Engineer: 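So that we are looking at the same thing, I have put the structure below in structure tokens.
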Amino acid sequence: MLTYYNEEYFLSMRNRELLNLNRILSKKSYELKRSVRILSNITVNQFHEPLLCAMRLSGIDAKVTFGNYDNIFQDSLTIESGDVVIIFWELCNLIPDFHKRANDLVMTEFDEIIRQAKINLSTTIKNLAKASLIVFNEFNSAVFSTSMPNQENLSRAARLLNEYLFSEVTQVNLIKIDLNSIFNSLSICKCVDLRFYYIGKALYTFEFFKYYCNEILPFINAVAGQTKKVLVLDCDNTIWKGILGEDGFDKIQMSPLTMEGAIYQEIQSIARFLSSKGVIIGLCSKNNLHEVKLVLLNHNAQVLRYDDISVVKCNWQDKSSNIASIASELNIGLDSVVFVDDSSYEIEFVRQNLPMVEVMKVPENLFEFPIMLRRKARWFWH
């Protein structure tokens, strides 16, 4: 049975498998507990089980409650201090059947709807000042858009409200989610089942809600004190192309003049950016320390430098022991560590011996590596 959050496995679970796992997890005891309120102007009941399961796998027991249908503003007045609030304020139902009516509105009617929506939006977010976290989905017209740029009111409404959301609604406890990242990963066809929308205003599928949980879970974990703190990187074929001990200083690749070199240099740039934001960077590699140090200090294509790295374990011990040693030296829990390696063997070895460590394998399609690491970066949000 899965007992910790594994992104790949969680997203692969079928409906029945997730429900069965959730029943088992519900019998466990948890030190961390969170109250989650879901406010929505559409039907989102399918969100309940995936959210509970994802949070329990992260070590957090959640009390999840739903506000009344299409009652977001009024329900925002009932939020208690410390609550996590998730808001589905869908453009298609901004007013009843807005997606159908938008293009028939005269400009004065349209402008008034947008003006009132801005007032309700701003006031609602202010009402939620005591919440520990507000997760708000940016307004999106993709599902019902006719794909005619600048010629339809639905897309215009999304643009106007998002501009207002970003310029005027700036509370520190507010996280904005771009649903296009999920639509692009999964496809709109798998995210939406319009049969149920027309029957009962249930727009999103069970599959969508799994991906949505994966998108927002790092932020919920962070307010529960469960953020990732350390990024541990292998060296060979992870931050540079080649094997240092075999190819030597001059033959490893991380130069932007080659495709693969450019990708590895980009990985180093992402790691360096994370370091600048307070993420602890570590190296764990089966290499000679003095050879690795020479690269970090002197290689002219090296972006991630020795001063950016807080802890280095370059030796011939197994990587589980080295990662455990890193956590011990930094006085952090293993659940705060993300480990990246190109070897399936090393990834599985760490996963089996240190299940609390989040592992990430360098993808077979190397060009996917920077995107994967950028997405993983949200787990370090605090």
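Residue numbers start at 1 and run along the sequence shown. As the structure is a prediction and not an experimental result, all values here were calculated from the model.
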Engineer: Has the side chain of Arg34 got a donor or acceptor atom that lies under 3.5 Å from a matching backbone atom of Val223?
Structural biologist: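 Yes; at least one donor-acceptor contact below 3.5 Å.
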Engineer: Is there a side-chain contact between Leu32 and Asp61 (heavy atoms, below 4.5 Å)?
Structural biologist: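 Of all side-chain heavy-atom pairs linking Asp61 with Leu32, none is under 4.5 Å.
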Engineer: Less than 4.0 angstrom from a charged side-chain N to a carboxylate O is my criterion; do Arg159 and Glu163 meet it?
Structural biologist: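 Yes, charged N to carboxylate O under 4.0 Å.
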Engineer: Within a 6.0 Å radius of atom CZ on Phe349, are there more than 12 heavy atoms belonging to other residues, nucleotides or ligands?
Structural biologist: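 Buried by this count: over 12 neighbours within 6.0 Å.
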Engineer: Has Thr205 got a side-chain atom pairing as donor or acceptor with Phe208's backbone, closer than 3.5 angstrom?
Structural biologist: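 Side chain of Thr205 to backbone of Phe208: a pair is present.
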Engineer: Indicate if Ile280 and Ile326 have the same hydrophobic cluster label, given that clusters are the connected sets of ILVMFWY residues with side-chain heavy-atom separations under 4.5 angstrom.
Structural biologist: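 Yes, because Ile280 and Ile326 connect within a single hydrophobic cluster, where side-chain heavy atoms sit under 4.5 Å apart.
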Engineer: With a 4.5 Å limit on heavy-atom distance, are the side chains of Pro256 and Gln265 in contact?
Structural biologist: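 When only atoms from C-beta onward are counted, Gln265 and Pro256 do touch, with a gap below 4.5 Å.
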Engineer: Mind checking the CD-CG spacing from Gln317 to Asn315? Nearest 0.5 Å is all I need.
Structural biologist: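 Those atoms lie 4.5 Å apart.
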Engineer: For Gln116 and Asn120, test the side chains for any donor-to-acceptor distance below 3.5 angstrom and give the result as yes or no.
Structural biologist: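 Checked: Gln116/Asn120 side chains pair up, N/O donor to acceptor below 3.5 Å.
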Engineer: Using 30° and 60° as the class limits, which term best fits the ring planes of Phe209 and Tyr204: parallel, tilted or perpendicular?
Structural biologist: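 The arrangement is perpendicular - the two ring planes meet at more than 60°.
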Engineer: Side-chain heavy atoms under 4.5 angstrom apart, residues restricted to Ile, Leu, Val, Met, Phe, Trp, Tyr: same cluster for Ile309 and Val303?
Structural biologist: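 Each belongs to a different hydrophobic cluster.
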Engineer: Out of Lys210, Lys361, Arg375, Lys376, which residue meets the salt bridge (Lys or Arg N to Asp or Glu O under 4.0 Å) rule with Glu7?
Structural biologist: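 The residue from Lys210, Lys361, Arg375, Lys376 that satisfies salt bridge (Lys or Arg N to Asp or Glu O under 4.0 Å) with Glu7 turns out to be Lys376.
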Engineer: The test is side chain to side chain contact (heavy atoms under 4.5 Å, CB included); show your working for Arg37 and Ile79 and say whether it passes.
Structural biologist: CA-CA 8 Å; Arg37 296 287 305 278; Ile79 300 302; 3.8 Å; yes
Engineer: Could you tell me how the ring of Trp381 sits relative to the ring of Phe219: parallel (under 30°), tilted (30 to 60°) or perpendicular (over 60°)?
Structural biologist: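 Geometry flag for Phe219 against Trp381: perpendicular rings.
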Engineer: Considering all heavy atoms of both residues, which atom of Leu121 and which atom of Leu161 are nearest to each other, and what is their separation?
Structural biologist: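 Closest approach of Leu121 to Leu161: CD2-O, 4.5 Å.
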Engineer: How close do Ile134 and Leu128 get, counting heavy atoms only, and between which atoms?
Structural biologist: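 Between these two residues, the closest heavy atoms are CD1-CB, 3.5 Å.
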Engineer: In this structure, would Val350 and Met360 fall into the same cluster of hydrophobic residues linked by side-chain contacts under 4.5 Å?
Structural biologist: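 Unlinked, Val350 and Met360 end up in two clusters.
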Engineer: Would a distance-only check, ignoring hydrogens and angles, find a side-chain to backbone donor-acceptor pair under 3.5 Å from Gln171 to Ile125?
Structural biologist: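 Such a contact is found between Gln171 side chain and Ile125 backbone.
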Engineer: Check ring pair (Phe, Tyr, Trp, His ring centres under 6.0 Å) between Phe249 and all other residues, then give those that pass, not counting sequence neighbours.
Structural biologist: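 Partners of Phe249 by the ring pair (Phe, Tyr, Trp, His ring centres under 6.0 Å) criterion, ordered by chain and then number, come out as His299.
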Engineer: So, Glu152 versus Ser155: side-chain donor-acceptor pair below 3.5 Å or not?
Structural biologist: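 Their side chains do contain a donor-acceptor pair, which is all the 3.5 Å distance test asks for.
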Engineer: Count the heavy atoms belonging to other residues, nucleotides or ligands that lie under 6.0 Å from CZ of Arg14, then report whether that count exceeds 12.
Structural biologist: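 Count not over threshold, so no.
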Engineer: Under 3.5 Å, is there a donor-acceptor pair between the Glu17 and Tyr9 side chains?
Structural biologist: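 The answer is yes; a qualifying pair exists.
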Engineer: Heavy-atom distance under 4.5 Å between the side chains of Asn6 and Glu358, does that happen here?
Structural biologist: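 Counting from C-beta outward, Asn6 and Glu358 never come under 4.5 Å.
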Engineer: Do NZ/NE/NH1/NH2 and the carboxylate oxygens of Asp234 and Lys319 come within less than 4.0 Å?
Structural biologist: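 Salt bridge flag = yes for Lys319 with Asp234.
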Engineer: Is it the case that the side chains of Ser285 and Asn287 hold a donor-acceptor pair, with the cut-off being a distance below 3.5 Å and no angle test?
Structural biologist: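 Checked: Asn287/Ser285 side chains pair up, N/O donor to acceptor below 3.5 Å.
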Engineer: Atom CD1 in Ile113, atom NZ in Lys118: separation rounded to 0.5 Å?
Structural biologist: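 Between atom CD1 of Ile113 and atom NZ of Lys118 there are 13.0 Å.
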Engineer: Is there a side-chain contact between Phe339 and Leu354 (heavy atoms, below 4.5 Å)?
Structural biologist: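 A side-chain contact under 4.5 Å is absent here.
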Engineer: Specify the closest pair of heavy atoms between Ala102 and Leu154, including all atoms of both residues, with the distance to one decimal.
Structural biologist: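 Closest approach of Ala102 to Leu154: CB-N, 4.2 Å.
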Engineer: Run through the side-chain heavy atoms of Ile, Leu, Val, Met, Phe, Trp and Tyr, join any pair under 4.5 Å, and report what else lands in Val106's cluster.
Structural biologist: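 When side chains under 4.5 Å apart are linked, Val106 ends up in no cluster with other residues.
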Engineer: Taking Ser336 for its side chain and Ile332 for its backbone only, find out whether a donor-acceptor pair lies under 3.5 Å.
Structural biologist: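 Here the side-chain-to-backbone pair does not exist.
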Engineer: Please confirm whether the backbone N or O of Ile239 pairs with a side-chain atom of Gln268, one donor and one acceptor, at under 3.5 Å?
Structural biologist: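 Such a contact is found between Gln268 side chain and Ile239 backbone.
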Engineer: Do Val230 and Leu330 touch side chain to side chain, with heavy atoms closer than 4.5 Å?
Structural biologist: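 The answer is yes; the side chains approach within 4.5 Å.
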Engineer: Quick one: does Lys241's side chain get under 4.5 Å of Ile252's, heavy atoms only?
Structural biologist: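 Answer no - side chains too far apart.
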Engineer: About how many Å separate CG of Asp75 and CZ of Phe66, when rounded to the nearest 0.5 Å?
Structural biologist: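 Answer rounded to 0.5 Å: 12.5 Å.
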Engineer: Taking only Lys NZ, Arg NE, NH1 and NH2, and the carboxylate oxygens of Asp or Glu, determine whether Arg101 and Glu109 approach each other closer than 4.0 Å.
Structural biologist: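 Not counted as a salt bridge, because no side-chain N and carboxylate O are separated by less than 4.0 Å.
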Engineer: Do Asp193 and Arg195 sit within salt-bridge range, that is, some charged N less than 4.0 Å from a carboxylate O?
Structural biologist: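 Counted as a salt bridge, because a side-chain N and a carboxylate O are separated by less than 4.0 Å.
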Engineer: Please name all residues satisfying salt bridge (charged side-chain N to carboxylate O under 4.0 Å, His left out) with Arg272, sequence neighbours left out, ordered by chain then number.
Structural biologist: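 Applying salt bridge (charged side-chain N to carboxylate O under 4.0 Å, His left out) to Arg272 gives Asp308.
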Engineer: Is the backbone N or O of Asn41 less than 3.5 Å from a side-chain atom of Asn93, with the two atoms forming a donor-acceptor pair by type?
Structural biologist: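 Between the backbone of Asn41 and the side chain of Asn93 there is a qualifying donor-acceptor contact (under 3.5 Å).
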Engineer: List the steps and the verdict of side chain to side chain donor-acceptor pair (under 3.5 Å) for Glu49 and Asn22.
Structural biologist: CA-CA 7 Å; Glu49 292 290 336; Asn22 218 6; 2.5 Å; yes
Engineer: Quick check on Lys190: does its NZ atom have over 12 non-hydrogen neighbours (other residues, nucleotides or ligands) under 6.0 Å away?
Structural biologist: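 It does not: Lys190 NZ has 12 such atoms or fewer within range.
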Engineer: Assert yes or no for the condition that the ring centre distance of Phe88 to Tyr212 is strictly below 6.0 Å.
Structural biologist: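 Yes, the ring of Phe88 comes within the 6.0 Å limit of the ring of Tyr212, centre to centre.
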Engineer: Mind checking whether Leu231 and Val292 sit in one hydrophobic cluster, side chains of I, L, V, M, F, W, Y counted as touching below 4.5 Å?
Structural biologist: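 Both belong to a single hydrophobic cluster.
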Engineer: Go through it in stages, so that I can follow the logic: the residues are Lys313 and Leu283, the test is side chain to side chain contact (heavy atoms under 4.5 Å, CB included), and I'd like the CA-CA distance, side-chain angles, deciding distance and then a yes or no.
Structural biologist: CA-CA 6 Å; Lys313 295 291 180 183; Leu283 295 184; over 6 Å; no
Engineer: Taking the six-membered ring of Phe166, is NZ or CZ of Lys176 closer than 6.0 Å to its centre and within 45° of its axis?
Structural biologist: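 Satisfied, under 6.0 Å and within 45°.
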Engineer: Quick one: does any side-chain atom of Asp247 pair with a main-chain N or O of Ile243 as donor and acceptor, under 3.5 Å?
Structural biologist: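 It does hold such a pair.
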Engineer: How long is the span from the OH atom in Tyr211 to the CG atom in Asn214, to the nearest 0.5 Å?
Structural biologist: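 Going from OH on Tyr211 over to CG on Asn214, the span is 8.5 Å.
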Engineer: Supply the atom-to-atom distance Asp70 CG to Leu39 CG, rounded to the nearest 0.5 angstrom.
Structural biologist: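 If we round to the nearest 0.5 Å, Asp70:CG and Leu39:CG are 11.5 Å apart.
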Engineer: Looking only at atom types and distance, does a side-chain atom of Ser328 sit under 3.5 Å from a main-chain N or O of Ser325, one as donor and one as acceptor?
Structural biologist: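 Not a single qualifying donor-acceptor pair exists.
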Engineer: Please check if any side-chain donor atom of Ser321 sits under 3.5 Å from a side-chain acceptor atom of Asp318, or the reverse.
Structural biologist: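 Yes, side-chain donor-acceptor contact under 3.5 Å.
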Engineer: Distance check, rounded to the nearest 0.5 Å: Trp316 atom CH2 versus Lys286 atom NZ?
Structural biologist: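 It is 8.5 Å, given to the nearest 0.5 Å.
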Engineer: If we ignore hydrogens and angles and just use 3.5 Å, is the side chain of Ser132 paired with the main-chain N or O of Gly82 as donor and acceptor?
Structural biologist: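 Flag set: sc Ser132 to bb Gly82 pair under 3.5 Å.
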Engineer: Judged by atom type as modelled, is there a donor-acceptor pair below 3.5 Å linking the side chain of Asp341 to the main-chain atoms of Ser343?
Structural biologist: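 Side chain of Asp341 to backbone of Ser343: a pair is present.
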Engineer: Would you mind reporting whether Phe110 and Asn103 have side-chain heavy atoms less than 4.5 Å apart?
Structural biologist: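 The answer is no; the side chains never approach within 4.5 Å.
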Engineer: Go through Cys53 and Met13 one step at a time and tell me if the side chain to side chain contact (heavy atoms under 4.5 Å, CB included) criterion holds.
Structural biologist: CA-CA 11 Å; Cys53 188; Met13 280 194 291; 4.2 Å; yes
Engineer: How about Phe73 and Trp89: are their ring centroids closer than 6.0 Å?
Structural biologist: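 No; Trp89 has its ring centre 6.0 Å or more from that of Phe73.
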Engineer: Would you check if Asn298 and Lys293 make a side-chain contact, meaning some heavy-atom pair closer than 4.5 Å?
Structural biologist: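 Answer no - side chains too far apart.
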Engineer: Can you list the steps and then say if Glu215 with Ile177 is a side chain to side chain contact (heavy atoms under 4.5 Å, CB included)?
Structural biologist: CA-CA 8 Å; Glu215 193 77 17; Ile177 302 296; 4.1 Å; yes
